Asker: 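Got a structure for you, written out below as structure tokens; questions coming shortly.
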Protein chains: 2
Amino acid sequence: MDVTPPHRRSDATRAAILEAARDRFAQDGYDGATVRAIAGQAGIDPSMVIRYFGSKEGLFARVVDVALDIPDPARIPAEDLGRVLVTHFLELWERDGVLVTLLRVGVTNPAGAQRLRGVFRDQLVPAAERFGHDPADAPRRATLVASQILGMALLRYVLKFGPAAEMSRADVVAWLAPTVERYITSPEP
Amino acid sequence: MDVTPPHRRSDATRAAILEAARDRFAQDGYDGATVRAIAGQAGIDPSMVIRYFGSKEGLFARVVDVALDIPDPARIPAEDLGRVLVTHFLELWERDGVLVTLLRVGVTNPAGAQRLRGVFRDQLVPAAERFGHDPADAPRRATLVASQILGMALLRYVLKFGPAAEMSRADVVAWLAPTVERYITSPEP
DNA sequence: GAGCATATGCCAACACCTGTTGACCTTGCG
DNA sequence: CGCAAGGTCAACAGGTGTTGGCATATGCTC
């Protein structure tokens, strides 16, 4: 898709804009993050943002592009399933601000919600199909797992509630792992 | 605190503004809900909103005033604890848009996040103290329960994900009840 | 019932902020 | 040198919360 020559003189600026945008979107959401604030943080003029990314929406689309990289169930011992998955998701949320951005924007912006649904449908549900025994159950299992993971991420990384943010990662994993495991493997409540 | 005479001629208008505000805030969040849109839906002039509630923030403070009414643990049979609590929270989220509003705004607006923290600290943690055996553990238990409930509410009532919204209430209760119960009663993961 | 004070409501405008655009310099490379 | 890409500046059109002035209608006092 990107057929432009690999080295442009403005690549540094583009990268600076993207980095600033990631930061501002994650911090302030879509409406809260103004083009002027992003440009200011990147140290350039607001008009450059538009020239390089077409529009604010175009920039946002570039920023929010996430691969969940859910591990292959075949390579996980059955008794470690919950622990491995929860650990993976925590790392995902802590890696960069993309998921925080996605959630922040998805909650207020219809287009953002659409994008969140896309991630759920294209990555989480298929993973649930690989994990569970009955593929028809996958959407429900994915929903249950997502509810627990999203809820903890919301408290811990978005709202930054004291008790949630201060829990050690090991504690979070220890408590959530059995829940997630049950949602995936148990045939009924 | 409210010493004004009980019957003002403008009470109907005030109520209309509050109702419209509840709706718009729940739907569009704090920034998305404009004073003009609220006034339009209430069928009056935008200036009336300011005159009656001082400012947009004042109106929002009036709208977002929620009592979780968490039931008394002494009146719940131990084996019904999870079911009763999950059912209670689902009804709370479905009753009116207040919790949806609170979540939508809390995610993007710092003041909204503060208010959400207040609800958590003043209502959820004390409840966890009454429920659990070790009061020192209450913040962590409240966090775990909140993570599961908030996550499901997020998918079901805010983002309106298909699979989450279409699950029957009974199904949600059946799946979440054991989780919530474990978070409250189990001394360790 | 008449007159008046006051509450109620609308209109127009304000100052500010938003995304976006076009004209204009400036730098670096062929 | 010439020319295109990189970058800045100022301005635009539209939307925001908020304010003051002006019309109207209501309810109270005589």
Side-chain angles (χ1 to χ4, degrees), chain A residues 2-25 27-64 101 104-105 108-112, chain B residues 2-25 27-64 101 104-105 108-112:
Chain A
D2 192 23
V3 291
T4 50
H7 288 301
R8 277 170 304 196
R9 190 150 48 91
S10 60
D11 278 350
T13 303
R14 296 179 118 89
I17 294 177
L18 276 176
E19 190 189 330
R22 259 186 273 273
D23 192 37
R24 300 321 308 165
F25 278 135
Q27 202 98 11
D28 305 330
Y30 185 80
D31 295 309
T34 68
V35 173
R36 283 172 170 82
I38 294 169
Q41 186 162 328
I44 45 93
D45 191 86
S47 63
M48 301 300 294
V49 174
I50 303 297
R51 187 183 293 184
Y52 284 153
F53 297 92
S55 66
K56 184 183 179 180
E57 277 207 52
L59 173 61
F60 179 73
R62 274 293 188 85
V63 164
V64 176
T101 302
R104 269 229 164 84
V105 174
T108 30
N109 189 289
Chain B
D2 191 24
V3 293
T4 52
H7 288 301
R8 275 170 304 195
R9 192 155 44 92
S10 60
D11 278 350
T13 303
R14 297 179 116 91
I17 294 176
L18 276 175
E19 191 188 330
R22 258 186 273 273
D23 193 36
R24 300 322 308 164
F25 279 135
Q27 202 99 11
D28 305 329
Y30 185 80
D31 295 310
T34 69
V35 173
R36 283 171 171 81
I38 293 170
Q41 185 160 329
I44 46 94
D45 192 87
S47 64
M48 302 299 294
V49 175
I50 303 297
R51 187 182 295 182
Y52 284 154
F53 296 94
S55 66
K56 184 182 180 182
E57 277 208 49
L59 172 62
F60 179 73
R62 272 294 186 84
V63 165
V64 176
T101 303
R104 268 228 163 84
V105 174
T108 30
N109 190 289

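Naming: A, B, ... by sequence-line order, numbering from 1 per chain. None of the values given here were measured: they were computed from a predicted structure.
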Asker: Please report the distance, rounded to the nearest Å, between CG in D31(A) and P in dC17(C).
Answerer: 17 Å
Asker: At under 4.0 Å between heavy atoms, how does the protein contact nucleotides 18-24 of chain D? Give one character per nucleotide, 5' to 3', with B, S or -.
Answerer: BBBB---
Asker: Kindly say if Y52(B) contacts the phosphate of dG9(C), meaning a side-chain N or O under 4.0 Å from OP1 or OP2.
Answerer: yes
Asker: Nearest 0.5 angstrom please: I17(A) CD1 to R62(A) CZ, how far?
Answerer: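 That separation rounds to 11.0 Å.
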Asker: How many Å lie between CD1 on I44(A) and P on dT20(C), as a whole number?
Answerer: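 Between P of dT20(C) and CD1 of I44(A): 14 Å.
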Asker: In Å, rounded to the nearest 0.5 Å, how long is the span from CG of N109(A) to CG of D31(B)?
Answerer: 12.0 Å
Asker: D28(A) has an atom CG; how far is it from atom P of dT18(C), in whole Å?
Answerer: 11 Å
Asker: How close or far is atom P of dT26(C) from atom CE of M48(A), stated in whole angstroms?
Answerer: 16 Å
Asker: Quickly work out the L59(A) CG to dT20(C) P distance and round it to whole Å.
Answerer: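 Those two atoms, CG and P, are 10 Å apart.
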Asker: Mind calculating the distance between CG (D11(B)) and C1' (dG9(C)) to the nearest angstrom?
Answerer: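 It works out to 16 Å between those atoms.
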Asker: Looking at R22(A) and V63(A), what are the two nearest heavy atoms and their distance?
Answerer: CG-CG1, 3.6 Å
Asker: Counting only pairs under 3.5 Å, give me each side-chain donor-acceptor contact of residues 33-50 of chain B, with atom names and distances, residues two or more places apart or in other chains.
Answerer:
residue: T34(B); atom: OG1; partner: A37(B); partner atom: N; Å: 2.9
residue: Q41(B); atom: OE1; partner: R24(B); partner atom: NH1; Å: 3.4
residue: Q41(B); atom: NE2; partner: D23(B); partner atom: OD2; Å: 2.7
residue: D45(B); atom: OD2; partner: S47(B); partner atom: N; Å: 2.9
residue: D45(B); atom: OD2; partner: S47(B); partner atom: OG; Å: 2.7

Asker: Under the side chain to side chain contact (heavy atoms under 4.5 Å, CB included) rule, collect the residues that match up with T101(B), sequence neighbours excluded.
Answerer: F25(B), A26(B), F60(B), V64(B), V105(B)
Asker: Output the rounded distance in Å from CD1 (I17(B)) to P (dG17(D)).
Answerer: 14 Å
Asker: Could you state the interatomic distance from OH (Y30(B)) to NZ (K56(B)), rounded to the nearest 0.5 Å?
Answerer: 5.0 Å
Asker: If you fit an axis to the five pairs at each end of the helix from dG1(C)-dC30(D) to dG30(C)-dC1(D), how big is the angle between those two axes, to 10 degrees?
Answerer: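 Here the local axes at opposite ends form an angle of 10°.
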